[in-house]
Amino acid sequence: MAKGFYVSRVCGICGILLAIAAVAVIIALSVVYSQEKERNDQLLNTPGTTSGTTTSATGTSSSTTSTPSHEPWDNYRLPKSLVPDHYDIRLQPILTKNSIGLYVFYGKSEVFFTCVEETNLVIIHSNKLNFTTPTTAVLKDSEWNDLPVTIVEIKPVTNYLVLHAVNKLEVGKHYSVYTEYVGELADDLAGFYRSEYVEDGETKIIATTQMQAPDARKAFPCFDEPAMKATFSITILHKPDYVALSNMNAIENRTLIQEGEEWTETVFAKTKKMSTYLVAFIVSQFKPVGDPGNGTTTGVQIWGRKKAIEDEQQGAYALSITKPILDFFEEYYQTPYPLPKSDQVAIPDFSAGAMENWGLVTYRETALLYDPAVSSIGNKERVVTVVAHELAHQWFGNLVTIKWWNDLWLNEGFASYVEYLGADKAEPTWNIKDLIVLYDLHRVMAIDALASSHPLTTKEEEVNTPSEISELFDSIAYSKGASVIRMLSVILSEEVFVKGLAAYLKHFEYSNTVYSDLWTHLQAAVDSNVPPLGLPQSVSTIMDRWVLQMGFPVVTIDTATGSITQKHFLLDPESVVTRPSEFNYIWIVPISYSKNNSPGNYWLQTSTEINDAFRTGENEWLLANINVTGYYRVNYDEGNWNKLIAQLGSDHLVIPVINRAQIVDDAFNLARAQHVTTERALETTRFLSGDNEYMPWQAALNSLSYFMQMFDRSEVFGPMKEYLKRQVTPVFEHFKTLSSNFTNRPGPLTDQYSEINAITTACSYGNSDCIEYATNLFNQWRTSNVNGIHPNLRSTVYCTAISEGGEAEWDFLWDKFATSDNAQESDKLRAGLACSREPWILNRFLDYSLDTDKIRRQDAITTISNICNNVIGQSLAWDFVRGKWRTIFTSFGGSSFSFGNLIERVTRRFSSEFELQQLLQFEIDNADVGFGTGTRALQQAKEKTIANMKWVNDNKGSVLKWFEDALITKSI
Ligand SMILES: *[C@@H]1O[C@H](CO)[C@@H](O)[C@H](O)[C@H]1NC(C)=O
Ligand SMILES: *[C@@H]1O[C@H](CO)[C@@H](O)[C@H](O)[C@H]1NC(C)=O
Ligand SMILES: *[C@@H]1O[C@H](CO)[C@@H](O)[C@H](O)[C@H]1NC(C)=O
Ligand SMILES: [Zn+2]
């Protein structure tokens, strides 16, 4: 699956409007907790629907784990006695309501399996299927004779269908279970589900699937574990004006009449041997663009709503990149694409970002469709990275699959790394590979630096229930996994890495692995090709330190003495690590460094070492972790920090762009952890006035967003605002000239992002040119009624104009919002509306947020959150939430995603005793209503407020003084 939280990438860019704290707050300790939670919740729950999804999909699973299991069907893991070979599945979704108002599907399914251990029990997964077979399920031998069965029973907790055979099944013999059943085609985004959209005034229904992780059992009875690979023959019945898609190509169409109605039966080719979680089928009226393939060439098509695909050509961009990315991965993996076709389908309601079903990849619309007229460059980047991620899985994940979910990190970490390589192939001018440092490495380090983090690996026996499986889909798995695999590929060299990888894929094709199998094949590649750097230890010895231990080290280099040390980095210096490590939190760290630009490499294997290489001369600086290929932070002695900062001030281009971002990000995090002073961190922002690059600026904006939250209502804000305005103005001017007064967009991706950041920052910190420019553009739109604002700049322009304007501007934008039918544009409009500085307008907007005729239910909480970001809106939103707690709780209490998030957003600025008291009072006042799934967020809000009070108390004076002094000293 692709990350559900890709959205925040795009918002990270457009974040910090008008003294509004950025969405991508990386540094604030507790914010990090909540991001993590938000992410988990996004995967579990669906902001887009009204029902709490996984709860219904997975039943009452976790509460029962502690009960001792006596019977085989009490175990969440299947017994090893039976191994599936093949499934024949025939499904008929009915896309109209039945007499009791439900949407259902009918299924007939036969699973063929081999007995490998004598047993009289057939235990197979099934969830929420109502069997209509005369005897629920029929057991047969390989000659199709029915075998006698005493009891057939359903075990709802562990999701099993259990058949007790009279006679023991014999080892080596083949059997099958046949069932007929009805299931609900619910809008729960799990298993076989329903999605709706409106086209030409008509509601259209589609039936689609999301099986990962354990929901194939909601569509057909199956051995629903990734290692239980089998082949599948799928047949779908649908109305003639619909089209059916599945993993494989259709091989046959038949027309048949059922109760006087005409149906089409589409038969798909038998699949390769594959896992149940990768099975997919869709019935829709979607339209394709692309090449369906002809048996010798691989078919590549993009599917979606007719209006999006045919009228607006929104599939054109995805089509243009999909084939090149597939070709790239064929070459990279040295393995041909194993299937005859690859369909990419945009689904109107989708829980994750995308799903790598083999041959039939499904996406959220925003992750596949792109409309140059309204989509920004960030929207485009998302399409190319998500497509690359899912296509990477077609081999790594689908052809070769993890044995069990505990190794999910390998599957997702790997895809999250190589997605950058695939995207780079499709957009070679973007330098997109650099961005992994911002999007994955820096982001996840903020979480992995908490004492409550966890290692990449989990033991197989610790992962059993559906909710335990869901918990694994977190940013440690994706982003730390990606960062650590990237580090390994650099250590080994890309050439050796790819060689070992290809051998691994060849060896395990159509079967399953554990993560150490990859190390084995990489080691073999190392042994036959000495990597350029030489390895101090085996691949597995090095990697064990990174995958079995949580967290990462801070490496401290003293350039006066040449000492180099490592220590487990903890963001909160007072936190206590209770999780033991067999390696005592010592890593084997590859140190690449540059001494006044001459490169070197070193392996740090113990806690403290001394080496002359790290001693520098009087005019030499030393920079470590070049391009941040290593997963660690770096601290230096005072002297070296001063020299690096001086170098940045005199000629920042000498330091690679990724390392300029690193210096800022490391310094702010080191300050937070009290390894360096806050002033030292602020010093690293001085060079930014001369740096037009995106990455260093984005690192600083992420870091400073916490300062904004803490100080935007205090006397610190005046000088802080002046300072940032002064820093950004030269960059703003640079882009203004470069783009002929912002009429053209710069070419490279990061330049476009940097331009957006420059305008956003300049306008929000009061650059009058910027504000004039933005309000002019907005007014041209109002007068001409033609929106000539480039999609990249819309978020900023809307927010600035609304902030500067009054009722007329707001009402104009509201009207555009109310009539918009493009989701990406609606989001930009809705965020802009939250930027007003008029309390009455904001209060009215808060009221609108709970009115489903005005704002879709799925957007209610993000609307309130947007208002919270606005310094004026935040206290209004707090009053609103307190005043309407009962209503809000009743409407949204069931959806943990929105709920925890709301409490986090509305209390984010809290940093005083008075606010803490309000929070405590709120808890008392609403004890009778309760906080539901927001309970944890409320506890965190209290802790966070206390932590903020301490931080503000410790830092306010020095930060104020620093900004005041910075304004006196000349800009560098
Ligand atoms: C199935 O029928 C449709 C519509 O008649 C046709 O376009 C398609 O090619 C057919 N597919 C196969 C595999 O026969
Ligand atoms: C660091 O990254 C830059 C930009 O991606 C690249 O041009 C440069 O070659 C890299 N340096 C090293 C030492 O790999
Ligand atoms: C940009 O605008 C300024 C006035 O604000 C004008 O003097 C200048 O000629 C314009 N440049 C271009 C390239 O349009
Ligand atoms: Zn994935």
Side-chain angles (χ1 to χ4, degrees), residues 1-6 39 42-43 210-213 226 275 277-278 329 350-358 361-364 367 385-398 400-402 405 407-424 427-438 440-441 470 472-479 481-482 485-487 489-491 493-494 532-533 590-595 597-601 623-630 653-662 693-696 748-751:
M1 259 191 275
K3 304 172 219 195
F5 75 157
Y6 268 92
R39 212 192 124 168
Q42 272 180 339
L43 289 157
Q210 168 63 40
M211 306 306 197
Q212 196 185 28
S275 303
Y277 80 90
L278 295 167
F329 281 124
F350 198 74
S351 61
M355 178 64 213
E356 69 266 22
N357 315 303
W358 218 4
V361 187
T362 46
Y363 299 79
R364 264 186 196 201
T385 51
V386 177
V387 169
H389 180 104
E390 303 312 330
L391 295 183
H393 277 310
Q394 304 299 305
W395 291 260
F396 200 102
N398 299 8
V400 177
T401 311
I402 50 173
W405 298 112
D407 277 337
L408 180 84
W409 73 270
L410 182 70
N411 192 30
E412 292 304 348
F414 187 90
S416 299
Y417 165 56
V418 299
E419 73 182 54
Y420 288 95
L421 311 188
D424 182 57
E427 293 289 359
T429 63
W430 281 7
N431 288 331
I432 198 165
K433 289 194 279 185
D434 294 359
L435 297 180
I436 191 173
V437 172
L438 277 182
D440 289 291
L441 188 136
S470 293
L472 295 169
F473 288 80
D474 69 358
S475 56
I476 297 288
Y478 282 81
S479 295
I485 289 166
R486 169 172 172 262
M487 176 166 71
S489 105
V490 172
I491 295 170
S493 82
E494 191 69 9
L533 312 186
I591 312 279
S592 56
Y593 61 90
S594 162
K595 227 197 261 188
N597 271 334
S598 53
N601 287 291
L623 177 70
N625 201 4
I626 301 307
N627 283 354
V628 198
T629 53
L653 294 175
V654 171
I655 311 249
V657 63
I658 301 177
N659 286 94
R660 304 206 294 276
Q662 170 217 24
E693 281 287 345
Y694 166 63
M695 288 188 65
L749 174 82
T750 50
D751 284 2

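The chain is numbered in sequence order, starting from 1. In listed order, ligands and their atoms are each counted from 1.
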Between ligand 2 and the protein, which N/O pairs are shorter than 3.5 Å?
residue, atom, partner, partner atom, Å
ligand 2, 2 (O), N627, OD1, 3.2
ligand 2, 2 (O), N627, ND2, 2.3
ligand 2, 5 (O), D434, OD1, 2.7
ligand 2, 5 (O), D434, OD2, 3.3
ligand 2, 11 (N), N627, ND2, 2.8

Under a 3.5 Å distance rule, please check whether [X] uses its side chain to pair with a backbone N or O of [Y] as donor and acceptor.
X	Y	value
N659	Q662	no
W430	P748	no
D474	I476	yes
E356	E390	no

Exercise for review: Can you sort out the partners of D424 under salt bridge (charged side-chain N to carboxylate O under 4.0 Å, His left out), two or more places apart, ordered by chain and number?
Suggested key: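 D424 satisfies salt bridge (charged side-chain N to carboxylate O under 4.0 Å, His left out) with K433 only.
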Point to revise | Name of the H393 atom (N/O/S only) found closest to the Zn ion (ligand 4) | key: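 For H393, the N/O/S atom sitting closest to the Zn ion (ligand 4) is NE2.
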Practice item. Give the atom name of whichever N/O/S atom in E412 sits closest to the Zn ion (ligand 4). Key: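 Considering only N, O and S atoms, E412 comes nearest to the Zn ion (ligand 4) through OE1.
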Check your understanding: Using 30° and 60° as the class limits, which term best fits the ring planes of Y277 and W405: parallel, tilted or perpendicular?
Key ->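 Perpendicular.
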Exercise for review: For the Zn ion (ligand 4), decide whether E390 has an N, O or S atom at a distance under 2.8 Å.
Suggested key: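 No, since none of the N, O or S atoms of E390 sits under 2.8 Å from the Zn ion (ligand 4).
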Check your understanding: Can you check side chain to side chain contact (heavy atoms under 4.5 Å, CB included) on L410 and F396, steps first, answer last?
Key -> CA-CA 9 Å; L410 182 70; F396 200 102; 4.0 Å; yes
